[in-house]
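Heads up, the thing below is written out as structure tokens.
Proteins come first, then strands; the chains are lettered A, B, ... in the order of their sequence lines, and each starts at number 1.
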2 protein chains.
Amino acid sequence: MKNQEELFLDFLARKRLKNTSQRMIILKSFLRQSLHLSTEDFYLQLRKKHPAIGYATVHRTLKLFAECGIAAERNFGDGQTRFEVNYDNEHHDHLVCTGCGKIIEFENRQIEQLQLDVARTHNFFIKDHRLELYGLCAACHASEASSLS
Amino acid sequence: MKNQEELFLDFLARKRLKNTSQRMIILKSFLRQSLHLSTEDFYLQLRKKHPAIGYATVHRTLKLFAECGIAAERNFGDGQTRFEVNYDNEHHDHLVCTGCGKIIEFENRQIEQLQLDVARTHNFFIKDHRLELYGLCAACHASEASSLS
DNA sequence: TGTATTTTGAAATCCGTTTTCATTTTCTTG
DNA sequence: CAAGAAAATGAAAACGGATTTCAAAATACA
Ligand SMILES: [Mn+2]
Ligand SMILES: [Mn+2]
Ligand SMILES: [Zn+2]
Ligand SMILES: [Zn+2]
């Protein structure tokens, strides 16, 4: 099993892309700290240590990560694309708190199986899916209840 | 059971909004022909019969429909918001063909129940959810298979 | 009616994303 | 270790869908 860094280097070689210091810095930073960060937020983080790296490069590199499979691109309906590390191509779905923005990951084999059933009954060939549950986390639910007049 | 038109008129009255000819024309057109149309596409349709109605008015009116519950706002990941009539607040999810854009609606009580289970195990209070299955419809799947070299 | 209030349509603006372009860096080959 | 070809970079511009602005028009209510 290759690690994320090796996977990315292989990808670069295969596509005749060049291995630059910016790409390595962005990769390491991404693997270290990223969890559902928007390009903007990730860029702002990175800029603290590496102010010379431009937004365009960050954007382009995150896209490369998604293309080679070490990142997943997510959209939780707030108009901002988010990226997260995609370990071993393991799939998961999300609970999104509309109160505080907290994101909880989950995986449910039964739901996945039922999705396949749905697709089959419609002669549909599934390539991908997205399931997001929106609502309030325990903390936000409690604070909303207590603030009702 | 009130129909969509009555619901919208009630909504306008409740919010002290005015009943204009544009709003009625847009409402009737929307109820008649809309199925997962983007604002742009809906506007282009409408313009054929009503060229004097502006895009901004169409956009604002579709938002009103969503606000009062007679329309549902959808986003299938192509960067365009789509609207559809939301009959009787009945929920459904979607199969989206990435080949031809075809959209098939489905409803699966078991999946809905399992979602509630997931939420409960995470002490999450669900308000809404979205489930989309992306892939190829039967026709697109067949044509892709036949075009492989 | 008169008049306050809302709505309208065109155009401008917003805002996240993507592209452009001149310059710099990387990589290959002799 | 050059040099030349190819690709990457960063700043700024462009893009595209969504939203807002604003002056003129339409509506609702007394
Ligand atoms: Mn995740
Ligand atoms: Mn639908
Ligand atoms: Zn929360
Ligand atoms: Zn299709």
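- Applying the salt bridge (charged side-chain N to carboxylate O under 4.0 Å, His left out) rule to pairs touching residues 89-115 of chain A yields A:Glu107-A:Arg109, sequence neighbours excluded.
- Across its full length, the helix from C:dT1-D:dA30 to C:dG30-D:dC1 shows an angle of 20° between the axes of its 5 terminal pairs at either end, rounded to 10 degrees.
- A:Leu46 is connected to A:Leu27 through a chain of hydrophobic side-chain contacts under 4.5 Å among Ile, Leu, Val, Met, Phe, Trp and Tyr, so both are in one cluster.
- For B:Arg23 (side chain) and B:Lys18 (main-chain N/O), a donor-acceptor pair under 3.5 Å exists by modelled atom type.
- Here B:Glu132 pairs with B:Arg130, B:Tyr134 under the side-chain hydrogen bond (donor to acceptor under 3.5 Å, both in side chains) rule; sequence neighbours left out.
- Separating the CE atom of B:Met24 from the C1' atom of D:dT27 is a distance of 13 Å, rounded to the nearest angstrom.
- Residues passing the side-chain hydrogen bond (donor to acceptor under 3.5 Å, both in side chains) test with A:Arg120, sequence neighbours excluded: A:Asp117.
- Legend: residues meeting salt bridge (Lys or Arg N to Asp or Glu O under 4.0 Å) with B:Asp128, ordered by chain and number and at least two apart, are absent.
- The side-chain contact (heavy atoms from CB on, under 4.5 Å) check on A:Ile111 picks up A:Asn108, A:Gln115, A:Leu131, B:Ile111, B:Leu114, B:Gln115, B:Val118, with sequence neighbours excluded.
- With sequence neighbours left out, A:Phe8 forms a ring pair (Phe, Tyr, Trp, His ring centres under 6.0 Å) with A:Phe65.
- Sorted by first and then second residue, the salt bridge (charged side-chain N to carboxylate O under 4.0 Å, His left out) pairs involving residues 30-46 of chain A (not counting sequence neighbours) form an empty list.
- In terms of position on DNA chain D, the residue among A:Tyr43 and A:Leu64 whose nearest nucleotide sits closer to the 5' end is A:Leu64.
- The nearest whole Å value for the distance from the CZ atom in A:Phe42 to the P atom in C:dT17 is 14 Å.
- B:Asp10 meets the side-chain hydrogen bond (donor to acceptor under 3.5 Å, both in side chains) test with B:Lys2; sequence neighbours excluded.
- Applying the side-chain contact (heavy atoms from CB on, under 4.5 Å) test to A:His59 and every residue at least two apart in sequence or in another chain returns A:Thr39, A:Tyr55, A:Lys63.
- For B:Lys15 and D:dA28, the NZ to C1' distance is 18 Å, given to the nearest whole Å.
- Taking only side-chain nitrogens and oxygens, A:Arg16 never comes nearer than 4.0 Å to OP1 or OP2 of D:dA7.
- Atom NE2 of A:His50 is separated from atom P of D:dG10 by 12 Å (rounded to the nearest Å).
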Per-nucleotide protein contact string for nucleotides 12-25 of chain D, where B marks a base within reach and S marks sugar-phosphate only (heavy atoms under 4.0 Å, - for neither): -----SSBBB----
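- When rounded to the nearest whole Å, the span between CD1 of A:Ile26 and C1' of D:dA8 equals 11 Å.
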Contact pattern, 5' to 3', of nucleotides 23-30 of chain C - B, S or - by protein heavy atom under 4.0 Å: ---BS---
